[in-house]
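The shown structure was predicted, so the numbers you read here are calculated from the model rather than taken from an experiment. Worth knowing before you read on, the calculation uses all heavy atoms, side chains too, and leaves out hydrogens, waters and symmetry mates.
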Amino acid sequence: MAWQHSRRRYLRSRPLSKKQESILHSRLALYPVLPADTQLELKQNVSLFLRDKEFVGCNGLQVTEEMCVVIAAHACLLLLGRENSCYPNLCTILLYPDAYVAKETHHHGHVQSTRLSARAGEAHYRGPVVLSWDDLQQGLAHPGQGHNMAIHEFAHKLDEEDGHVDGRPPFARSEDGKDWAPVMHEAFAALRQRLHALHQEHQEVESASANDREPDAAQPVSVLDTYGAQSPAEFFAVATEAYFVIPKAMAAAHPRLYREMQKFYRTDPAALLHGSHQGD
C-alpha cells in the first residue's frame, strides 16, 4: 500500500545516532569494507528495522541498544542491493539471555507427541524471530566457525516471503534464479552424504575402540554445517551463514554455490574482504 511505502521511506531517512553508528562499525565485521553508498543503504535499512520492530527481552534479559543494533545490522546485511520491505511479516524479536527451552510437537500419523528441546534460535512462519543473545555473541566472537544465529534465522524469514519455506527465496529477477534449483540440490545432496559418512565414521571409531584397533582417517572439516542437511530450508540458512561469515572459505570450497548465493544477495563478501568493492 502507498502509505506503507511512504512510512518505510520516511523511517529509512531517519539518521542513526553516533552511538548506533559506532556499534554498527565495531560489531558488523563486513561494515568497514563496504563501499560508502552500500554503508548508507545499510544504515537506512537499520534505521527502518530499529523503528519498525519490537525487541522483547525474555527470562529476565534487559534489552540494550547495542543488542538491537547488532541484530538489526545482521538482519539488514541480507537485504543489501535489493528492493525490500524490511521483513514485512516480522513485528517482534524475542531475545533470551542464552539457550532456551521450547515445546516441540511431532505428528506420527494420527498420533501427536510433544517434548521440550533446548534451542539457540528459531524463526516462526509469519511470526517472531527468537534468538539467544549468548549464542549470537559466541558466533561473533569466533567467526572462523561460520556460525551466526541472527543471519541464520533471518535467512529463514527471507525464505518465507514467497509463502513457502523451501530453501528458495524470492528472486527479483527470474533469470537470477534459473540455476538455483540444480546447484542447491547438488550441494544439499553432497552435505547429506557427508552427514551419512560422519555417522559411519562415528560407528567405526566406536567399533575400533571396542576392538582395540586404529580407526580410519577422519573426514575433513566442512565449510557448511551438517545441520543444513536436515532440509532445503535449513540448507539455505546454513549456506547463508557461511556466505556472510566465512565467505572466502565458502567461495573456495563451493564456488558454484557461492555464485548462486551472490546472484540473490547482490553482494560479494569474499571480494570485499580481499579489498575489492564488488566482485563479478
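Counting non-hydrogen atoms of other residues, nucleotides and ligands closer than 6.0 Å to OH of Tyr10 gives a total of 12 or fewer. Environment of CD in Gln4: crowded, with over 12 heavy atoms of neighbouring residues, nucleotides or ligands closer than 6.0 Å.
Between the Lys157 side chain and the Gly127 main chain, a donor and an acceptor come within less than 3.5 Å of each other. Not one N or O on the side chain of Glu234 forms a donor-acceptor pair closer than 3.5 Å with the backbone of Ser231. Gln62 places no side-chain N or O within 3.5 Å of a backbone atom of Gly57 that could act as its donor or acceptor partner. With hydrogens and angles ignored, the 3.5 Å screen pairs no side-chain donor or acceptor of Asp134 with any backbone N or O of Pro97. In this structure, the side chain of His196 does not engage the main chain of Arg192 through any donor-acceptor pair within 3.5 Å. Although no hydrogens or angles enter the test, the distance criterion places no donor-acceptor pair under 3.5 Å between the side chain of Ser22 and the main chain of Lys18. A donor-acceptor pair under 3.5 Å is formed between the side chain of Ser47 and the backbone N or O of Leu11. Gln39 places a side-chain N or O within 3.5 Å of a backbone atom of Tyr31 that can act as its donor or acceptor partner.
Counting heavy atoms from C-beta on, the side chains of Met184 and Phe235 come closer than 4.5 Å. You'll find the side chain of Arg194 stays beyond 4.5 Å of the side chain of Leu224, heavy atoms only. No side-chain heavy atom of Glu65 sits less than 4.5 Å from a side-chain heavy atom of Cys68. Residues Tyr87 and Glu161 are in side-chain contact: their nearest non-hydrogen atoms beyond the backbone lie under 4.5 Å apart. Counting only heavy atoms from C-beta outward, the side chains of Glu241 and Tyr227 never approach each other to under 4.5 Å. Counting heavy atoms from C-beta on, the side chains of Tyr265 and Pro169 never come closer than 4.5 Å. Cys58 is not listed as a side-chain neighbour of Tyr100, based on a closest heavy-atom distance of 4.5 Å or more. Side-chain contact between Val63 and Ile93 is absent, with no heavy-atom pair separated by less than 4.5 Å.
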Does the salt bridge (charged side-chain N to carboxylate O under 4.0 Å, His left out) test come out yes or no for Asp179 and Arg259, once each step is laid out?
-> CA-CA 10 Å; Asp179 297 323; Arg259 286 194 296 272; over 6 Å; no

Apply ring-ring contact (aromatic ring centres under 6.0 Å, His included) to Phe49 and Phe154, showing your working.
-> CA-CA 12 Å; Phe49 192 100; Phe154 281 100; 5.8 Å; yes

Can you check side-chain contact (heavy atoms from CB on, under 4.5 Å) on Leu77 and Asn45, steps first, answer last?
-> CA-CA 9 Å; Leu77 183 64; Asn45 282 331; over 6 Å; no

Dump the intermediate steps for side-chain contact (heavy atoms from CB on, under 4.5 Å) on Thr240 and Leu158, then the final yes or no.
-> CA-CA 11 Å; Thr240 297; Leu158 287 179; over 6 Å; no

Going by atom type alone, with no hydrogens or angles, which donor-acceptor pairs under 3.5 Å involve a side-chain atom of residues 140-147 and a protein atom two or more places apart or on another chain?
| from | atom 1 | to | atom 2 | distance (Å) |
| --- | --- | --- | --- | --- |
| His147 | NE2 | Asp225 | OD2 | 3.4 |

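Summarising the geometry, atom CG belonging to Leu136 is positioned 16.0 Å from atom OH belonging to Tyr96; distances are rounded to the nearest 0.5 Å. Here Asp37 contributes atom CG and Leu80 contributes atom CG; the two are 10.0 Å apart, rounded to the nearest 0.5 Å. Atom CZ of residue Phe55 and atom CG of residue Leu50 lie 5.5 Å apart, to the nearest 0.5 angstrom. Here the CG atom belonging to Leu78 is positioned 11.5 Å from the NE2 atom belonging to His152, to the nearest 0.5 angstrom. The distance from the CG atom of Leu257 to the CD atom of Glu260 is 8.0 Å, given to the nearest 0.5 Å. Leu131 CG to Gln137 CD: the interatomic distance, rounded to the nearest 0.5 Å, is 11.5 Å.
Legend: side-chain hydrogen bond (donor to acceptor under 3.5 Å, both in side chains) pairs involving residues 163-173, not counting sequence neighbours, sorted by first then second residue: Arg173-Asp176.
Comment: Glu175 does not engage Lys178 in a salt bridge, judged by the lack of any side-chain N to carboxylate O separation of less than 4.0 angstrom.
In the hydrophobic cluster analysis, where Ile, Leu, Val, Met, Phe, Trp and Tyr join through side-chain heavy atoms closer than 4.5 angstrom, Ile23 is grouped apart from Leu48. Phe236 and Val165 fall into different hydrophobic clusters, where Ile, Leu, Val, Met, Phe, Trp and Tyr side chains are chained together by heavy-atom contacts under 4.5 Å. Hydrophobic clustering (side-chain heavy atoms under 4.5 Å, transitive across Ile, Leu, Val, Met, Phe, Trp, Tyr) groups Val69 together with Leu16. Taken together through direct or relayed side-chain contacts under 4.5 Å among Ile, Leu, Val, Met, Phe, Trp and Tyr, Leu195 and Val223 form parts of separate hydrophobic clusters.
With Asp52 as the fixed residue, the salt bridge (Lys or Arg N to Asp or Glu O under 4.0 Å) test singles out one of Arg14, Arg7, Arg8, Arg12: Arg7.
In summary, the side chains of Asp268 and Tyr258 do present a donor paired with an acceptor at a separation below 3.5 Å, with no hydrogens or angles considered.
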